[in-house]
Asker: 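Sharing a structure below in structure tokens format, with a few things to ask.
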Amino acid sequence: MLQLQTLREQKNAIIDALKKRNIDVAPMVNEAVALDEKRRATQTRLDNTLAEGNKLSKDIGALYQNGKYQEAEAIKKRAGALKEDSKALGDELDLTTQALQKLLYQIPNVPHASVPAGTSEADNEEVFAEGAIPKLDTNALPHWELAKKYDIIDLELGVKITGAGFPVYKGKGARLQRALINYFLDKNTAAGYTEVQVPHLVNETSGYGTGQLPDKEGQMYRLEEDNLYLIPTGEVPVTNIFRDEILDADTFPLCFTAYTPCFRREAGSYGADVRGLNRLHQFDKVEIVRVEHPNSSYEALEGMVEHVKNILRDLQLPYRILRLCGGDLGFTAALTYDFEVFSTAQDRWLEISSVSNFETYQTNRLMIRYKDEKGKSRLAHTLNGSALALPRVVAGILENYQTPDGIRIPEVLIPYCGFDLID
RNA sequence: AGAGAGGUGGCCGAGUGGUCGAAGGCGCACGCCUGGAAAGUGUGUAUACACCAAAAGUGUAUCGAGGGUUCGAAUCCCUUCCUCUCUGCCA
């Protein structure tokens, strides 16, 4: 969430900048500032009341020790009255703070200056493209047909076991998945990211920390009995590693990578978008996460983009990079680059990675701070990206690498797969 | 899952109703001492919020979390989470 101090000091600039998201936050921001004023005033009154009460209590203690019981009793009455007051003020403070908090949860991050205006994905700005789009046979198949033809991914079997969107990978299909995970982790660790294995279930606090709650409440699977959530992305457990930490400024950058399955309810999705591997309830992803000094976070973002580019070059997949427009930008992000692979058989682009800088939006909730030169605590910046999400990479490989003899395996993956053709 | 013990500052650890944000130690920072280091020695060393233009300073809250009793709670009561030991179960 946004920082209150910034909201107070740069109210109009924030309202203006958020217009890029095609929303008018002026009413919310004004209310937040008003609530904050009320909160501070109430806090001051409460503190003063408590201070007086504390002083009286000390006096009572002293009087008792000196045997002046009658005087003590008289003061007790006054202290009792003060207690009533502080209770009322405390309740008021709680209500105000909660209302303010709720409001702040509803205001999205301020888009970076470079974020283009726009209302939908059609307005995203292509900033880079690379890789030749292969010329396929006229009877080239989409990946879901290929998956069936070579019996490597079984969607119906997943329906039997669980439901739609939970595929079963078989034989070389399963091996390809494992190869990709290992390859991605190797690439990421070689680039300086430390590999971590994290829980796939998180508690409510973690969900709030990275911003999935309350914004995406309905998109996560929840275990009612234990009040835990299945992670929608590795970002949640990995970023929460640093929740409530004050870091030394010289420990930056902190770079982590993790493979996790991801679970998404995808309520509201339908149509051609969800065919085959295009959209699943469970999928695998290797994530990269960075905690950065504010001065270097945008440099880090560019570095992450370069890193993902390298992976796609290795895989020799045609891809493009989009700078998301205000209308398509995620709730918590300040700037996001999406990577899309061209799916030749479907004749469409598939999102396979999303690399974002969240600036202090997450760390303000997570309380991830560092000490600056003056010894003051400041919020760090967080960034993350997929490197990479598996299903659509698999879709891209199956479709773009298909030949009449079978599906070729990208050169870099052959050592990981142990075969060079799916036939 | 059952029985018992326990959760105190960066770490260890004292504290069972009043002057306790919390003894003592370790660690860390700065200084003295030293040719240099060790030892020794002195000072400092939590976080959040509020007041203040800001610094200094002051106030409030925080002893796992939440609630209660009391003029006053680290200390008493309730709820809850977690850790350890034993038993059970299991990969």
Side-chain angles (χ1 to χ4, degrees), chain A residues 1-11 32-104 197-209 213 222-229 237 240-251 254 360 362-380:
Chain A
M1 68 195 158
L2 298 177
Q3 296 176 74
L4 269 171
Q5 200 188 336
T6 321
L7 213 55
R8 281 202 295 260
E9 290 167 1
Q10 299 166 37
K11 197 174 85 170
V33 171
L35 277 170
D36 181 48
E37 260 166 45
K38 188 182 174 195
R39 184 196 117 248
R40 282 150 62 209
T42 312
Q43 169 104 52
T44 304
R45 283 204 291 155
L46 174 64
D47 285 356
N48 292 339
T49 310
L50 287 171
E52 201 181 336
N54 285 345
K55 193 182 166 297
L56 290 182
S57 291
K58 272 183 194 171
D59 292 346
I60 291 169
L63 289 170
Y64 267 114
Q65 281 183 351
N66 296 321
K68 298 178 179 167
Y69 299 110
Q70 290 204 334
E71 278 180 58
E73 288 304 318
I75 300 180
K76 264 195 197 180
K77 284 220 176 83
R78 265 176 63 207
L82 281 175
K83 199 191 169 184
E84 304 271 304
D85 291 352
S86 21
K87 179 106 176 69
L89 285 168
D91 289 347
E92 194 183 331
L93 182 64
D94 284 348
L95 285 176
T96 312
T97 309
Q98 279 163 26
L100 178 58
Q101 187 84 341
K102 204 177 154 198
L103 200 58
L104 288 176
Q197 290 195 10
V198 290
H200 301 161
L201 271 64
V202 293
N203 58 31
E204 210 176 0
T205 312
S206 295
Y208 273 97
L213 291 173
R222 176 166 175 231
L223 298 169
E224 179 82 39
E225 204 165 3
D226 299 291
N227 197 23
L228 297 173
Y229 294 84
N240 270 281
I241 289 174
F242 301 100
R243 170 151 47 86
D244 293 324
E245 294 282 336
I246 300 176
L247 307 156
D248 290 329
D250 57 14
T251 59
L254 292 161
T360 60
Q362 291 184 324
T363 54
N364 192 30
R365 291 193 198 180
L366 291 160
M367 296 305 277
I368 302 177
R369 293 149 294 170
Y370 67 94
K371 292 276 187 201
D372 69 10
E373 324 76 53
K374 287 180 181 163
K376 258 193 119 173
S377 291
R378 304 217 172 269
L379 294 174

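Here is how names work: the chains are called A, B, and so on, in the same order as the sequence lines, proteins then strands, and each is numbered from 1. Side chains included, hydrogens not; waters and symmetry mates left out as well; all remaining heavy atoms used.
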Asker: Do A:E84 and A:K87 sit within salt-bridge range, that is, some charged N less than 4.0 Å from a carboxylate O?
Answerer: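 Salt bridge flag = no for A:K87 with A:E84.
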Asker: Suppose we define a pair by two distances each less than 3.5 Å, Watson-Crick or G-U wobble; what does B:U60 pair with here?
Answerer: B:A48
Asker: For A:G53 and for A:G61, find the nucleotide of RNA chain B with the closest heavy atom, then tell me which residue's nucleotide is more 5'.
Answerer: A:G61
Asker: With rounding to the closest Å, how many angstrom separate the C1' atoms on B:A5 and B:A55?
Answerer: 49 Å
Asker: Applying a 4.0 Å non-hydrogen cut-off, can you work out what A:K38 is touching in the nucleic acid: base, sugar-phosphate, or nothing?
Answerer: nothing
Asker: Taking the side chain of A:T44 as its heavy atoms from C-beta onward, which of B:G18, B:A48, B:A50 lies nearest to it?
Answerer: B:A50
Asker: Over all strands shown, is A:R39 touching base, sugar-phosphate only, or nothing at heavy-atom distances under 4.0 angstrom?
Answerer: sugar-phosphate
Asker: Could you tell me whether the phosphate oxygens of B:U58, OP1 or OP2, come under 4.0 Å of any side-chain nitrogen or oxygen in A:K55?
Answerer: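 Looking at the OP1 and OP2 atoms of B:U58, neither is under 4.0 Å from any side-chain N or O of A:K55.
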Asker: Hey, does A:L46 reach any base, or is it just sugar-phosphate, or nothing, if we go heavy atoms under 4.0 Å?
Answerer: nothing
Asker: Which of these nucleotides, B:C71, B:A55, B:C49, is closest to any side-chain atom of A:Q43?
Answerer: B:C49
Asker: Can you tell me if A:R40 touches the phosphate of B:C51, counting only side-chain N or O atoms and a distance under 4.0 Å to OP1 or OP2?
Answerer: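 The answer is yes; a side-chain N or O of A:R40 sits under 4.0 Å from OP1 or OP2.
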Asker: Which part of the nucleic acid does A:I75 contact within heavy-atom distance under 4.0 Å: base, sugar-phosphate only, or nothing?
Answerer: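 Nothing, no nucleic acid heavy atom in range.
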Asker: Considering only the P atoms, how many Å lie between B:G18 and B:G13, rounded to the nearest integer?
Answerer: 24 Å
Asker: Give the nucleotide from the list B:C71, B:A48, B:A50 with an atom nearest to the side chain of A:D47.
Answerer: B:A50
Asker: What distance, rounded to whole Å, do you find between the two P atoms, one in B:G7 and one in B:G64?
Answerer: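 Those two atoms are separated by 8 Å.
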Asker: Do A:L89 and A:L50 come close enough that some side-chain heavy atom pair is under 4.5 Å?
Answerer: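 Counting from C-beta outward, A:L89 and A:L50 never come under 4.5 Å.
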Asker: Using a cut-off of strictly less than 4.0 Å, decide whether A:K76 has a side-chain nitrogen or oxygen near OP1 or OP2 of B:U70.
Answerer: no
Asker: Rounded to whole angstrom, note down the C1' distance from B:G88 over to B:G4.
Answerer: 15 Å
Asker: What is the base-pairing partner of B:U75, counting Watson-Crick and G-U wobble geometry with both distances under 3.5 Å?
Answerer: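 Because no pair has both required distances under 3.5 Å, B:U75 counts as unpaired.
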Asker: Heavy atoms from C-beta onward define the side chain here; which of B:G59, B:A50, B:A48 lies closest to that of A:R369?
Answerer: B:A48
Asker: Report the base-pairing partner of B:C90 (Watson-Crick or G-U wobble, both distances below 3.5 angstrom), or none.
Answerer: none
Asker: Using the side-chain heavy atoms of A:K87, tell me which of these nucleotides is nearest: B:U47, B:G68, B:U70.
Answerer: B:G68
Asker: Would you indicate which nucleotide in B:G59, B:A48, B:C71 comes nearest to any side-chain atom of A:A51?
Answerer: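 When the side chain of A:A51 is considered, B:G59 is the closest of B:G59, B:A48, B:C71.
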Asker: Out of B:U70, B:A55, B:G18, which has the shortest distance to the side chain of A:S57?
Answerer: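 Nearest nucleotide to the side chain: B:G18.
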Asker: So, OP1 or OP2 of B:A61: does either fall under 4.0 Å of a side-chain N or O from A:N54?
Answerer: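 So the side chain of A:N54 is within the cut-off, an N or O lying under 4.0 Å from OP1 or OP2 of B:A61.
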